[in-house]
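Please read all numbers here as calculations on a predicted model, not as lab measurements.
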Amino acid sequence: MEESTIFNLKNFKSKILPTITVCGSALFLMHGKVSADQIDNTNQKQASVQTLDQNNANTNGSSNADNNTNNTEDTNAPATSQAVANGQKVANQANSATENTTDQSGANKQATTDNSQETVTYDTKDNGNYAAVDNASLNTNGQLNINGWHATNDSKDKPYHYVIILDQDNKEIARQNITDNAVARPDVQKAHNVYGAGQSGFNVQFNLSKEALANTSSIRVISRYSSDLYGNQNNVDYWFAPITIDRKNYGYLDTVAVSDGQLNIGGWNTTNQAADKPYHIIMIIDQTTGQTVAQQLVTDGTQRDDIARAYSQIDGAGQSGFNVHFSLKQLNLNHKLQVVSRYSTSKDGLGKNVDYYFTPITTGNYTNQGSLDSFDVSNGKQLTISGWHADDITKLESNHFLILFDNTANKQVASVKAAAVARPDVARAFPSVATAGQSGYKVSFDLAGINLVPGHSYSVVSRYSTSADGNGDGGQYTDYWFNPIKYSQQASAIDSIKTTKDGVQVSGWMASDYAAGYNNAYVLIMNNGKEVARQKVDLIARPDVAKAFPNLYNSANSGFNTVVKLNPTQLTGNMQVLLRFSKSADGNTDCIDQWSKDYSTSAGAFDEINVLDNSIYVSGWHTSEQTADKPYQFLIFIDQNTGKEIYRQQVLDTNNSRPDLAKVCPQILNSDKAGFKLGFTLPSSLDHHTVRIIHRFTNDVYGNGNAVDMWSDPVSIHNNRWAWPFPSVGEGHFMGAQLFGVNAGGEFRQNGFHDGLDFGAYNHPGTQVHAIHSGTIVGVGYTAGLDWYVLEDTGEYLIVYQEAFSNRGNINVTPGQKIEVGDVIGNRDTSHVHIGITREHNFNRALAKSFTNDGTWLNPLEIIRNGLNG
């Protein structure tokens with residue numbers, strides 16, 4: 001909207017007024033009276049350009065520049081000859097002679113006139129030409145009002161006073177003889193004591209023609225004193241600054257609305273360019289197609305006193321209003337539509353025109369955003385839909401409908417008209433959408449009335465329509481389809497489960513979109529997929545579930561808490577909870593089932609197995625539904641390699657409190673008292689073995705009856721230590737020739753060097769040769785002088801067992817086999833077994849150094865002795 005300001009000319013002292021910029025192309029408003037002490041006494045010859053201003057602000061709309069330029073043809077001859085300079089006194093005929101006298105104060109006075117010899121008192125030496133326009137205004141009826149004054153000694157012999165107005169081309173528009181309508185101006189006489197100053201004022205009105213108003217961009221005002229009755233000869237002129245006429249185009253759309261199948265448009269448009277254009281036409285241009293799709297002649301302009309007050313400088317502003325109606329059948333609201341106000345010389349709008357283009361009433365490119373916040377069937381009685389749909393088309397399509405559509409059946413299920421709900425969050429997210437702040441909705445449907453079909457897909461459609469009837473499909477409408485919702489969901493949860501001597505206590509919730517009409521709810525306990533027991537339940541309120549699953553049927557009433565009675569010993573495998581809706585009272589037919597996860601009925605773990613030099617400590621926990629009739633607990637040690645039991649001992653420190661297990665395995669009976677521990681001296685039968693430990697619940701005092709077992713991972717009992725090949729003998733005794741290195745009795749060997757240790761049958765009786773360390777068998781072979789031999793790699797050492805086996809059948813191991821210390825390598829059938837140890841893992845290279853004492857071969861006696869304790 002253009003804003004205007006009145007400029008009061010009493011603030012300007014110069015007789016030649018400065019240019020005053022007019023807001024818009026308004027004509028002008030100049031007001032205020034110039035007092036004598038504000039008038040400049042300098043003798044200034046040339047006036048500057050003056051612009052008329054207005055003091056009216058258009059508060060109702062904005063203006064667009066008119067694209068049509070209207071030209072005014074020449075109508076009048078110049079008011080004065082081109083020789084007359086602006087603001088310059090002009091004397092075309094001789095002036096009367098005067099005499100100069102000096103008063104007592106020394107001022108020059110004119111003593112007499114030419115004929116009458118009348119005594120006057122004014123300054124005859126003042127050669128100035130003084131003038132000012134105090135006020136200039138144009139009213140809405142095209143009347144130009146000008147008041148001001150003009151005083152100069154050169155007017156003495158020019159009795160006729162004229163005010164003349166020229167257009168922007170200095171062509172005269174009009175003139176008035178104001179000689180007999182002089183206005184007294186004692187203030188001017190006081191400031192400028194020149195001839196006639198006391199009666200130098202004027203106040204004139206000009207009724208401008210419509211053509212002049214429409215085609216004139218500025219007006220020049222001339223004050224003229226002349227000796228000619230018609231004001232054309234012997235003149236003295238003062239040319240005031242040019243005054244700009246407001247030629248801007250103002251307008252605003254107050255209302256754009258749809259009702260009864262019509263688009264209603266109200267507003268105003270005013271401009272001086274329309275003064276000679278009697279026909280006012282409102283058009284709608286479809287900018288999408290580039291065509292004018294509707295237009296209407298404004299036959300009776302709406303009286304707009306507010307516009308007359310705001311734009312008093314514009315002709316016809318008070319009659320600039322309009323209120324028109326267009327059938328929606330002519331329009332496509334999804335296109336970009338623009339309203340144009342046209343003033344024309346022709347009724348059909350094809351003459352000489354001036355147009356005002358309003359901001360498009362539709363953009364043709366809508367945001368059309370939305371969200372389905374809730375599809376709520378949680379109470380089992382109503383479907384409540386809430387969310388938002390933001391689109392500026394709502395300014396015209398003001399009727400909002402929410403439609404439920406069955407995608408599976410391809411039909412509409414229900415429709416309801418929605419009231420606007422404030423959504424400031426949406427307004428912040430979409431500030432460019434003017435209606436976003438009122439884009440919310442919340443509507444409800446009776447589930448009994450709409451009959452949602454389980455398994456079907458449904459869509460919610462938000463529709464803005466020009467029609468208020470039905471679902472709005474009778475008018476122009478804009479839809480937003482939200483993502484489809486599959487009405488086939490079900491969900492459940494077990495919140496807690498605990499086995500007691502009376503049965504399984506279980507609580508949780510169960511809900512299903514299929515459950516409408518399935519009024520019998522059951523909780524079943526299953527063991528390895530087979531039913532053990534069941535309990536009918538009455539569902540209770542669960543508002544937390546409704547909040548988490550609002551789109552799940554009857555989720556608000558889905559809770560249960562019950563004890564399913566059973567004998568815990570019936571649970572021998574994986575336990576499950578089956579949640580069932582059924583149409584039958586016994587829960588056996590027309591069922592909707594949901595299964596829980598698997599719950600183990602037996603669990604346990606060894607927390608610590610600590611093997612010391614001479615003892616072992618074992619602790620852990622073990623719980624099972626099968627332990628109710630099994631009071632005895634044992635630890636049983638099984639050889640990892642043979643699978644045979646090698647030791648067992650009863651556990652007496654049992655039923656230790658384990659609150660952590662009550663949380664982890666609440667479904668297992670007595671899990672909160674499942675702890676056990678046992679420590680004992682390590683028997684020799686366990687030493688040098690890798691074992692698996694069994695924790696056993698049993699009903700037999702010796703641990704052999706009906707049992708529930710838990711197995712540990714393999715446990716090494718000193719299998720990283722060294723041992724003697726004949727454990728029952730131990731180290732035994734050696735003669736010099738049997739020892740490693742150079743010893744008495746071994747002189748027959750090359751270099752007298754013995755690369756190993758011989759365990760003789762006499763001082764180390766026994767036939768089974770046991771592994772002296774754990775490792776991997778990497779070779780079994782035969783070489784002359786060694787007989788059959790076995791190679792074991794411990795990772796650090798290569799051990800050779802040789803000269804003990806006369807044939808392959810006496811050897812119990814095979815290459816690749818992992819063995820433990822103490823395992824049987826084979827059966828000795830010779831006089832001794834030679835054991836050699838080297839860090840050279842390539843046996844052929846080590847064999848080549850059999851008689852070289854260079855460190856390739858190591859002393860087995862020292863290694864075994866030092867490594868017996870790990």
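- By the 4.5 Å heavy-atom criterion applied to side chains, Ile146 and Ile165 are counted as neighbours.
- A distance-only check finds a donor-acceptor pair linking the side chain of Gln476 to the backbone of Leu331 [under 3.5 Å].
- Asn353 and Lys277 are not linked by any side-chain donor-acceptor pair at a separation below 3.5 angstrom, with hydrogens and angles left out of the test.
- Looking at heavy atoms from C-beta onward, Tyr252 lies out of side-chain contact with Ile307 at the 4.5 angstrom threshold.
- When every heavy atom of Ser415 is checked against every heavy atom of Gly470, the shortest pair comes out as OG-O, 4.3 Å.
- Applying the ring-ring contact (aromatic ring centres under 6.0 Å, His included) criterion to Phe482, with sequence neighbours excluded, gives Tyr480.
- Looking only at distances, no side-chain donor or acceptor of Asn269 sits under 3.5 Å from a matching main-chain atom of Ser320.
- Residue Ser467 comes nearest to Gly474 through the heavy atom pair CB-C, 4.1 Å, listed as atom of the first residue, atom of the second, then distance.
- The two residues Ser344 and Gly349 make their nearest non-hydrogen contact at OG-CA, 3.6 Å.
- Donor-acceptor pairing under 3.5 Å is recorded for the side chains of Ser346 and Asp348.
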Before giving the answer on side-chain contact (heavy atoms from CB on, under 4.5 Å), spell out for Phe401 and Val461 the whole-Å C-alpha distance, their side-chain angles and the decisive distance to 0.1 Å. CA-CA 8 Å; Phe401 294 87; Val461 183; over 6 Å; no
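- Side-chain contact between Ile385 and Val416 is absent, with no heavy atoms from C-beta onward closer than 4.5 Å.
- Within the 3.5 Å criterion, the main-chain N or O of Ala274 finds no donor-acceptor partner in the side chain of Thr271.
- Side chain of Asn249 to backbone of Asp355: a donor-acceptor contact under 3.5 angstrom is found.
- Side-chain contact between Asn203 and Asn181: absent, with no pair of heavy atoms (C-beta onward) separated by less than 4.5 Å.
- In terms of modelled atom types and a separation under 3.5 Å, the side chain of Asn139 and the main chain of Gly142 share a donor-acceptor contact.
- Inspection of the Asn207 and Gln205 side chains reveals no N or O donor paired with an N or O acceptor under 3.5 Å.
- From Gln313, atom CD reaches atom OG1 of Thr140 across 10.0 Å, with rounding to the nearest 0.5 Å.
- Between Gln262 atom CD and Leu328 atom CG the span is 8.0 Å, to the nearest 0.5 Å.
- Checking each of Ile219, Ile173, Ile222 against Leu166 for a side-chain contact (heavy atoms from CB on, under 4.5 Å) leaves exactly one that passes, namely Ile222.
- At least one side-chain heavy atom of Thr435 sits less than 4.5 Å from a side-chain heavy atom of Lys395.
- At a threshold of 4.5 Å between non-hydrogen side-chain atoms, the residues Trp149 and Val183 do not count as touching.
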Could you walk me through whether Thr289 and His335 pass side-chain contact (heavy atoms from CB on, under 4.5 Å), step by step? CA-CA 8 Å; Thr289 63; His335 285 191; 3.9 Å; yes
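- Ser341 and His280 form a side-chain donor-acceptor contact under 3.5 Å, judged by distance and modelled atom types alone.
- A distance-only check finds no donor-acceptor pair linking the side chain of Asn368 to the backbone of Asp391 [under 3.5 Å].
- Of the candidates Tyr225, Phe202, Trp239, His150 forms a ring-ring contact (aromatic ring centres under 6.0 Å, His included) with just one, namely Tyr225.
- Note that CG of Asn323 and CD of Gln296 are 9.0 Å apart. Values are rounded to the nearest 0.5 Å.
- By the 4.5 Å heavy-atom criterion applied to side chains, Pro360 and Leu337 are not counted as neighbours.
- With hydrogens and angles ignored, the 3.5 Å screen pairs no side-chain donor or acceptor of Asp373 with any backbone N or O of Trp388.
- When all heavy atoms of Thr345 and Pro278 are compared, the closest pair comes out as CA-CD, 4.1 Å.
- Atom CZ of Arg463 and atom CD1 of Ile403 lie 4.0 Å apart (nearest 0.5 Å).
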Before you tell me yes or no, could you show the steps for His389 and Tyr464 under ring-ring contact (aromatic ring centres under 6.0 Å, His included), namely the whole-Å CA-CA distance, both residues' side-chain angles and the distance that decides it to 0.1 Å? CA-CA 9 Å; His389 178 193; Tyr464 289 110; 4.7 Å; yes
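- Of the inter-residue distances, the one linking Leu229 atom CG with Asn232 atom CG reads 10.0 Å to the nearest 0.5 angstrom.
- Looking at Asp315 and Lys210, a side-chain N of the basic residue comes within less than 4.0 Å of a carboxylate O on the acidic one, giving a salt bridge.
- Side-chain N or O atoms of Arg220 include one that pairs as donor or acceptor with a backbone N or O of Phe240 at under 3.5 Å.
- Heavy-atom neighbours of Lys417 NZ from other residues, nucleotides or ligands within 6.0 Å: above the threshold of 12.
- Expressed to the nearest 0.5 Å, how far OG1 of Thr292 lies from CD of Gln338 amounts to 10.5 Å.
- Of all heavy-atom pairs spanning Ala174 and Phe206, the tightest one is CB-CD2, 3.7 Å.
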Output, in order, the C-alpha distance, side-chain angles, deciding distance and verdict of side-chain contact (heavy atoms from CB on, under 4.5 Å) for Asp392 and Thr363. CA-CA 9 Å; Asp392 269 340; Thr363 67; over 6 Å; no
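- Looking at Ser226, its side chain never comes within 3.5 Å of a backbone N or O of Tyr160 through a donor-acceptor pair.
- Between the side chain of Gln176 and the backbone N or O of Val204 there is no donor-acceptor pair closer than 3.5 Å.
- With hydrogens and angles left out, the side-chain atoms of Asp167 and Thr216 include no donor and acceptor closer than 3.5 Å.
- No option in Thr359, Ile285, Leu253 other than Leu253 meets the side-chain contact (heavy atoms from CB on, under 4.5 Å) test with Val339.
- The two residues Gly321 and Val298 have their closest heavy-atom pair at O-CG1, 4.3 Å.
- Side-chain atoms of Asn332 and Thr288, non-hydrogen and from C-beta on, never get closer than 4.5 Å to each other.
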Test Phe326 against Asn264 for side-chain contact (heavy atoms from CB on, under 4.5 Å), laying out the working first. CA-CA 7 Å; Phe326 298 95; Asn264 305 314; over 6 Å; no
